[in-house]
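Keep in mind the model is a prediction, meaning the values are calculated, not measured.
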Amino acid sequence: SIDEAVKKSIQQNKDEFWFLNNGIIIGCEDFNIDGDKISLYKFSIINGCQTTTMIGKYFTGTEDFPLVCKIVKPSNSNNAQFIPRIAEASNSQKPINDRDLKSNYPEQKRLQTALNSEDPKLFIEIKRGEFLYGNAIARRLEGWQAKKTNEYLGQIILGSLLQRPGTARSSKKNVFSVNSDYKAIFHRTPDKELYVDLVKIHYYYMEYINSTNFTDEFRKQVAIYGKFTVPAVLLFYIKILRKVIDTNDYDSSNKRPFIESLKKDNIDGALFKTGENLPDDFEVTLQSLFSITIRIIARIYTSKEENKQKTVTNYLKNDSNYYDYIIPDIIDEYFAD
């Protein structure tokens with residue numbers, strides 16, 4: 001993603017390169033300034049090789065453009081450690097990831113404000129290390145309300161609402177680093193009722209795993225590694241019940257149209273009944289649904305000869321297995337005419 005951004009600024013926004021790029025650092029034994037020319041002696045680029053390579057590779061124009069450049073030399077020519085120390089320091093700063101870069105984007109602030117305001121509050125961390133509430137408030141929160149990162153919420157939305165549980169589990173960096181995924185997750189209007197219930201499902205599911213004494217080690221593995229797949233199946237059920245997808249449209253000889261409709265952002269509002277309409281034992285019912293879904297996934301995995309070449313963890317971190325095996329089997333078993 002960094003290379004693509006540098007390439008784009010070189011080719012399309014050269015006037016902005018000064019502002020968008022950190023530039024380069026050149027270490028040398030000595031340099032001499034003569035008007036607008038600088039002569040370097042025994043020099044080496046010690047930070048910015050990526051930038052230099054990208055300019056050499058993609059700059060095809062004839063007009064100059066500005067680039068930040070720091071030239072350093074030791075005050076004492078015998079100081080053999082000066083350049084190595086500069087190189088080490090400038091190349092080992094605390095890494096900034098894609099989530100950090102987007103923490104001040106307006107959609108992130110809108111998301112945080114929407115979920116933190118009014119009851120039920122859902123505290124979302126959009127910057128690493130920020131604290132949104134004191135201990136006194138924290139003690140009054142239910143477990144699902146406690147601080148969640150925007151990255152984790154993004155995984156939940158990607159895995160359940162957008163029906164890509166494999167990617168949500170194995171490639172969480174996609175949430176912020178793949179532009180199309182980021183837009184699909186965060187550019188939608190924050191739907192507090194939906195997000196709260198998605199978080200609740202994942203929270204109750206992790207509670208179920210941690211409190212269940214699995215007697216079958218294989219099902220335990222399915223449960224653990226399926227922490228995004230099981231909730232995705234529940235959202236698949238909901239999409240069917242709300243008639244935003246029609247299982248009659250599924251065609252085993254041409255799955256693509258149905259899969260694309262399955263991945264659409266087509267659910268909004270609360271998933272659970274509210275207030276007095278929600279039975280007191282709903283968590284027991286939900287746990288039963290978790291158990292049934294785990295059993296279904298385990299059966300599907302073992303029933304296919306080709307799956308035996310894959311470990312459970314690898315099987316459940318691939319979206320194609322979800323589309324090619326789990327969804328078709330559930331449709332055939334429970335929703336076929």
Side-chain angles (χ1 to χ4, degrees), residues 154-175 177-185 187-188 194 198 201-202 205 218-219 221-269 271 288-337:
Q155 286 179 274
I156 291 173
I157 294 171
L158 182 63
S160 296
L161 179 63
L162 304 179
Q163 291 287 286
R164 293 171 59 196
T167 301
R169 179 178 156 236
S170 63
S171 301
K172 68 178 181 179
K173 65 180 182 179
N174 282 31
V175 170
S177 65
V178 176
N179 195 42
S180 58
D181 289 342
Y182 179 83
K183 286 182 177 180
I185 294 167
H187 280 204
R188 68 193 313 275
L194 174 62
L198 286 175
I201 288 175
H202 278 259
Y205 182 69
F218 172 65
R219 283 193 187 171
Q221 289 184 8
V222 172
I224 293 172
Y225 296 127
K227 70 176 184 177
F228 287 102
T229 304
V230 173
V233 172
L234 265 61
L235 263 291
F236 171 57
Y237 298 153
I238 291 172
K239 288 192 174 196
I240 293 172
L241 291 171
R242 293 196 180 180
K243 299 182 179 180
V244 295
I245 57 172
D246 187 347
T247 55
N248 291 319
D249 295 335
Y250 177 76
D251 181 356
S252 59
S253 63
N254 183 19
K255 301 174 186 176
R256 182 54 49 190
F258 183 81
I259 291 171
E260 291 305 313
S261 69
L262 179 65
K263 293 191 292 184
K264 285 183 179 179
D265 180 354
N266 49 18
I267 290 288
D268 54 46
L271 302 177
S288 177
L289 191 55
F290 291 150
S291 177
I292 292 169
T293 304
I294 291 168
R295 199 159 59 242
I296 291 171
I297 294 172
R299 175 184 56 75
I300 294 170
Y301 173 84
T302 55
S303 67
K304 310 294 183 183
E305 189 64 31
E306 58 268 34
N307 292 339
K308 296 179 181 178
Q309 306 301 318
K310 310 166 189 173
T311 62
V312 174
T313 179
N314 286 334
Y315 180 76
L316 293 174
K317 69 180 183 183
N318 194 319
D319 287 333
S320 63
N321 291 328
Y322 182 69
Y323 304 139
D324 292 342
Y325 300 110
I326 296 173
I327 292 300
D329 195 285
I330 291 175
I331 290 174
D332 289 342
E333 184 72 20
Y334 300 101
F335 296 100
D337 289 337

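Side-chain atoms of Tyr301 never come within 3.5 Å of backbone atoms of Leu316 as a donor-acceptor pair (strictly under, hydrogens ignored). With hydrogens and angles ignored, the 3.5 Å screen pairs a side-chain donor or acceptor of Arg169 with a backbone N or O of Thr313. Checked by atom type and distance alone, the side chain of Lys172 never pairs as donor or acceptor with a backbone atom of Gln155 at under 3.5 Å. Proximity of a side-chain donor or acceptor of Gln163 to a complementary backbone N or O of Ser160 within less than 3.5 Å is detected.
Every pair passing ring-ring contact (aromatic ring centres under 6.0 Å, His included) that includes a residue from residues 236-262 is listed here, sequence neighbours excluded: Tyr250-Phe258.
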Open item on the list: Does Lys310 form a side chain to side chain donor-acceptor pair (under 3.5 Å) with Asn321? I'd like the steps, not just the answer.
Closed with: CA-CA 11 Å; Lys310 310 166 189 173; Asn321 291 328; 3.1 Å; yes

Open item on the list: Would Ile296 and Tyr334 count as a side-chain contact (heavy atoms from CB on, under 4.5 Å) here? Give the steps.
Closed with: CA-CA 11 Å; Ile296 291 171; Tyr334 300 101; 3.6 Å; yes

- [ ] Report the C-alpha separation of Ile327 and Ile259 in whole Å, then their side-chain angles, then the decisive distance to 0.1 Å, and conclude whether the side-chain contact (heavy atoms from CB on, under 4.5 Å) test is met.
- [x] CA-CA 9 Å; Ile327 292 300; Ile259 291 171; over 6 Å; no

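Heavy atoms only, all atoms of each residue included: Asn174 and Arg164 are closest at ND2-NH2, 4.2 Å. The nearest pair of heavy atoms linking Thr302 to Arg299 is OG1-O, 3.1 Å. A pairwise comparison of heavy atoms in Arg219 and Ile294 identifies O-CG2, 3.8 Å as the closest pair. Across Ala184 and Leu162, no two heavy atoms sit closer than the pair CB-CD1, 3.9 Å. Nearest heavy-atom pair, Asp324 versus Pro328, reported as atom, atom and distance to 0.1 Å: O-CG, 3.4 Å. The minimum heavy-atom distance linking Ile245 with Ser261 is given by the pair CG2-O, 3.8 Å.
With rounding to the nearest 0.5 angstrom, the CG atom of Asp268 is 7.5 Å from the CZ atom of Arg188. Atoms CG and CD1, from Leu262 and Ile240 in turn, are 8.5 Å apart once rounded to the nearest 0.5 Å. A distance of 3.5 Å separates CG of Asp319 from OG1 of Thr167, quoted to the nearest 0.5 Å. With rounding to the nearest 0.5 angstrom, the CG atom of Asp265 is 4.5 Å from the CG atom of Leu161. Within the model, atoms CD1 of Ile267 and CG of Leu235 stand 7.0 Å from one another, a figure rounded to the nearest 0.5 Å. Separating the CG atom in Asp251 from the CG atom in Asn254 is a distance of 5.5 Å, to the nearest 0.5 Å.
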Can I get a per-line list of side-chain donor-acceptor pairs under 3.5 Å for residues 223-233, giving both atom names and the distance, sequence neighbours left out?
none

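Remark: Lys173 engages Ser177 in a side-chain contact (heavy atoms from CB on, under 4.5 Å) (not counting sequence neighbours).
Using a cut-off of 4.0 Å between Lys/Arg side-chain N and Asp/Glu carboxylate O, Lys264 and Glu260 are scored as not salt-bridged.
Between Leu271 and Leu194 there is a side-chain heavy-atom pair separated by less than 4.5 Å. Two residues are said to be in side-chain contact when any heavy atoms from C-beta on lie closer than 4.5 Å; Tyr315 and Ile326 meet this criterion.
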